[in-house]
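Quantities reported herein were computed from a predicted structural model and do not represent experimental measurements. Lettering of chains follows the sequences in order, A, B, ..., and the numbering in each one begins at 1.
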Amino acid sequence: LKLFTTLRDDLQGNVTAIKGPGGKWMIPPDAKESMDQSKIGLKGPLKTPIAAGHPSMNLLLRKTFDLYANVRPCVSIEGYKTPYTDVNLVTIRENTEGEYSGIEHVIVDGVVQSIKLITEDASRRIAEYAFEYARNNQRSSVTAVHKANIMRMSDGLFLRKCREVAETYKDIKFTEMYLDTVCLNMVQDPTQFDVLVMPNLYGDILSDLCAGLIGGLGVTPSGNIGANGVAIFESVHGTAPDIAGLDMANPTALLLSAVMMLRHMGLHEYGKKIETACFDTIRDKKVLTKDLGGNSKCSEFTADICRRVVDMD
Amino acid sequence: MAGSTWRTAVFNLLRRWGLKDTKAFTADQVPQAPRQQRPRASDHGMQTVTLIPGDGIGPEISTAVMRIFEAAQVPIQWDERNVTAIQGPGGNWMIPPNTKESMDRNKIGLKGPLKTPVAAGHPSMNLLLRKTFDLYANVRPCMSIEGYKTPYTDVDLVTIRENTEGEYSGIEHVIVDGVVQSIKLITEDASERIAKYAFEYAVNNQRSSVTAVHKANIMRMSDGLFLRKCREAAENYKDIKFTEMYLDTVCLNMVQDPTQFDVLVMPNLYGDILSDLCAGLIGGLGVTPSGNIGTNGVAIFESVHGTAPDIAGADLANPTALLLSAVMMLRHMGLHAHAQRIQTACFNTIQDKRVLTKDLGGNAKCSEFTAAICERVQDLD
């Protein structure tokens with residue numbers, strides 16, 4: 001929050017699962033109220049309790065606010081070396097249905113089925129979001145990622161919706177590619193990709209694959225778009241309990257997610273300034289947290305970015 | 001002379017006369033020896049392997065492999081067959097009976113790319129082959145090729161994909177207008193079978209660990225069952241290290257450091273994705289070998305690239321993928337010395353960079369690349 005002195009975000013609220021009347025698990029009412037009011041949220045990592053008797057908090061948030069689109073822009077960070085130098089793509093993942101319906105049955109002993117659901121509405125909604133995103137962020141193409149050669153009906157429906165939406169965005173180039181071909185090509189030349197839109201499971205895989213291309217979850221931003229204008233931006237790494245409270249953490253992922261949030265809010269200039277300061281600090285290599293290859297504290301890394309931001313004014 | 005040895009001799013003559021376009025002389029057109037003279041599986045210490053050249057560049061890369069095998073004096077004779085879908089009595093699509101017979105007899109096959117007909121009314125040939133021989137395991141060893149530059153240098157892993165069920169069951173329904181469901185099937189038997197194969201493969205190929213790739217946190221029952229069977233199989237292979245990893249974590253880690261992976265075993269869709277991802281790490285489908293293991297000892301090794309119709313017959317194709325698949329085949333057959341020699345010759349030719357096909361960055365013809373490998377193979381004797 002040190003970097004946001006020019007803004008008045010009071011995103012104070014915690015998210016612990018509580019049981020409401022009727023025994024349903026939900027997020028605390030005041031957290032929900034806060035989000036409904038401000039519409040925009042920034043979230044750090046939440047621990048996933050095992051055998052806590054309630055679903056994961058991320059799942060609860062997703063359902064509460066109908067967060068249907070998970071968006072991850074992956075841009076190579078100069079100064080943070082990976083086998084790739086020019087990655088600049090965005091994965092847009094449908095986050096409500098598909099393979100993650102959770103509907104499974106034992107058919108007979110030793111035979112299990114898992115159901116993948118694809119609906120016209122969810123497919124149209126994510127396709128529309130992808131093209132809108134492309135337009136709003138000056139991206140030139142949208143690629144639908146699918147396996148409709150094998151899953152003719154389900155992925156076929158998804159693909160059809162993408163094609164229909166493409167018709168109303170003639171300024172954006174639309175292509176289609178099989179998921180396996182995308183992966184094959186992605187690791188050989190990621191620069192050929194721009195905006196990618198896909199159903200749930202494929203998005204889960206591809207978004208992590210792309211995060212790996214630019215250096216991992218410690219530097220990757222993420223945003224979740226919901227119905228009714230709600231948007232929650234978050235770092236997607238874990239809670240790192242082993243270094244918690246030691247001033248060793250790398251805030252880059254959360255910071256870049258916050259930058260994404262600023263852009264979403266139309267505060268492009270602030271977004272650009274903070275992003276540039278962050279990238280410059282990393283490129284400079286003098287003050288880096290341990291995971292980035294240095295030995296600075298989180299507070300020192302933060303202070304360096306603050307200094308650069310202030311200098312840019 | 002026995003049938004296919006005669007055929008090989010004819011091919012040699014044709015090649016020496018400069019007739020490169022062997023496509024015009026398929027096995028069907030070259031007169032075959034009478035049936036009773038056709039060699040059995042281990043005549044004169046030679047093993048017979050069914051060869052399916054395939055379409056497009058298939059015939060020319062098959063010829064390349066045959067030439068290299070000859071130069072390496074591999075004790076194999078080829079039984080060349082084709083695979084076109086035919087309709088049997090009762091309307092069932094099937095592969096030609098003599099091809100099935102050949103495979104059932106020889107057990108081992110090498111196959112080039114087959115074209116997938118669009119709207120031909122019959123299923124893909126690859127699918128037919130898979131069902132005919134119950135090819136339940138797709139195995140792709142991915143090893144970095146020195147001299148063929150990719151962002152990665154030390155890849156050495158194997159993906160083992162369950163190839164009969166999972167997400168590719170083909171069972172889909174429209175529930176109501178605008179809502180479609182697709183069914184993923186996981187069975188105890190298929191999971192047990194692939195897990196066992198993965199550990200056996202690890203033992204037979206001196207690999208140290210097997211990692212089960214899954215999403216059992218989300219698909220608790222289906223991937224849960226798969227995972228359980230892998231854990232059970234691991235109990236019988238205490239000398240092999242067994243680990244488990246979520247598919248998304250595998251992808252995240254794979255592109256940052258592929259050297260942490262050894263043998264990976266997984267259900268169908270994940271295998272489809274990961275095997276192509278790993279092929280990309282080492283340079284693509286043009287250099288990646290692949291093997292399909294079936295029940296009853298059947299095994300078909302194949303290149304997994306396309307038929308490349310645009311360069312078919314032009315002596316431009318790169319036979320590396322089919323050759324490395326043939327090397328995989330030799331290892332499967334226990335002919336390790338020959339396999340190593342041919343693989344070394346192939347890798348050295350690529351590393352040397354003087355005679356490379358276009359896709360590898362050079363401008364040599366397929367026949368020239370093949371000749372260079374033949375030369376090295378003979379020198380290695």
Less than 4.5 Å apart, side chain to side chain, heavy atoms only: is that true for A:L201 and B:L269?
yes

If I compare all heavy atoms of B:G178 with all of A:L157, which pair ends up nearest, and what's the gap?
O-CD2, 4.0 Å

Under 4.5 Å heavy-atom distance to chain B, tell me which part of A:L213 shows up: side chain, backbone, both or neither.
both

Looking at B:G284, B:G166, B:A279, which has the largest count of heavy-atom pairs under 4.5 Å with chain A?
B:G284

Among B:I273, B:V174, B:I186, which has the most heavy-atom pairs under 4.5 Å with chain A?
B:I186

Among all residues two or more places apart in sequence or in another chain, which pass the side chain to side chain contact (heavy atoms under 4.5 Å, CB included) test with B:A195?
B:C230, B:A233

Contact winner vs chain B - A:V108, A:I103, A:I115, A:I107, heavy-atom pairs under 4.5 Å:
A:I115

Toward chain B, the part of A:V182 with a non-hydrogen atom under 4.5 Å:
neither

Scan chain A against chain B and return every donor-acceptor pair whose distance is under 3.5 Å.
{"from": "A:Y84", "atom 1": "OH", "to": "B:Y152", "atom 2": "OH", "distance (Å)": "3.0"}
{"from": "A:E104", "atom 1": "OE1", "to": "B:R220", "atom 2": "N", "distance (Å)": "3.0"}
{"from": "A:E104", "atom 1": "OE1", "to": "B:M221", "atom 2": "N", "distance (Å)": "2.9"}
{"from": "A:E104", "atom 1": "OE2", "to": "B:M221", "atom 2": "N", "distance (Å)": "3.4"}
{"from": "A:E104", "atom 1": "OE2", "to": "B:S222", "atom 2": "N", "distance (Å)": "2.9"}
{"from": "A:E104", "atom 1": "OE2", "to": "B:S222", "atom 2": "OG", "distance (Å)": "2.7"}
{"from": "A:G110", "atom 1": "O", "to": "B:E188", "atom 2": "N", "distance (Å)": "2.7"}
{"from": "A:V112", "atom 1": "N", "to": "B:I186", "atom 2": "O", "distance (Å)": "2.8"}
{"from": "A:V112", "atom 1": "O", "to": "B:I186", "atom 2": "N", "distance (Å)": "2.9"}
{"from": "A:S114", "atom 1": "N", "to": "B:K184", "atom 2": "O", "distance (Å)": "2.8"}
{"from": "A:S114", "atom 1": "O", "to": "B:K184", "atom 2": "N", "distance (Å)": "2.9"}
{"from": "A:K116", "atom 1": "N", "to": "B:S182", "atom 2": "O", "distance (Å)": "2.9"}
{"from": "A:K116", "atom 1": "O", "to": "B:S182", "atom 2": "N", "distance (Å)": "2.8"}
{"from": "A:I118", "atom 1": "N", "to": "B:V180", "atom 2": "O", "distance (Å)": "2.9"}
{"from": "A:I118", "atom 1": "O", "to": "B:V180", "atom 2": "N", "distance (Å)": "2.8"}
{"from": "A:E120", "atom 1": "N", "to": "B:G178", "atom 2": "O", "distance (Å)": "2.7"}
{"from": "A:K147", "atom 1": "NZ", "to": "B:D272", "atom 2": "OD2", "distance (Å)": "2.7"}
{"from": "A:R152", "atom 1": "N", "to": "B:E172", "atom 2": "OE1", "distance (Å)": "3.0"}
{"from": "A:M153", "atom 1": "N", "to": "B:E172", "atom 2": "OE1", "distance (Å)": "2.8"}
{"from": "A:M153", "atom 1": "N", "to": "B:E172", "atom 2": "OE2", "distance (Å)": "3.4"}
{"from": "A:S154", "atom 1": "N", "to": "B:E172", "atom 2": "OE2", "distance (Å)": "2.9"}
{"from": "A:S154", "atom 1": "OG", "to": "B:E172", "atom 2": "OE2", "distance (Å)": "2.7"}
{"from": "A:D204", "atom 1": "OD2", "to": "B:K215", "atom 2": "NZ", "distance (Å)": "2.7"}

Minimal heavy-atom distance between B:G280 and A:L184, with the atoms involved, is N-CD1, 3.6 Å

Does any heavy atom of chain A fall under 4.5 Å from the side chain of B:L274, the backbone, both, or neither of them?
neither

What heavy-atom pair brings A:P83 and B:V255 nearest, and what distance separates the two atoms?
CG-O, 4.2 Å

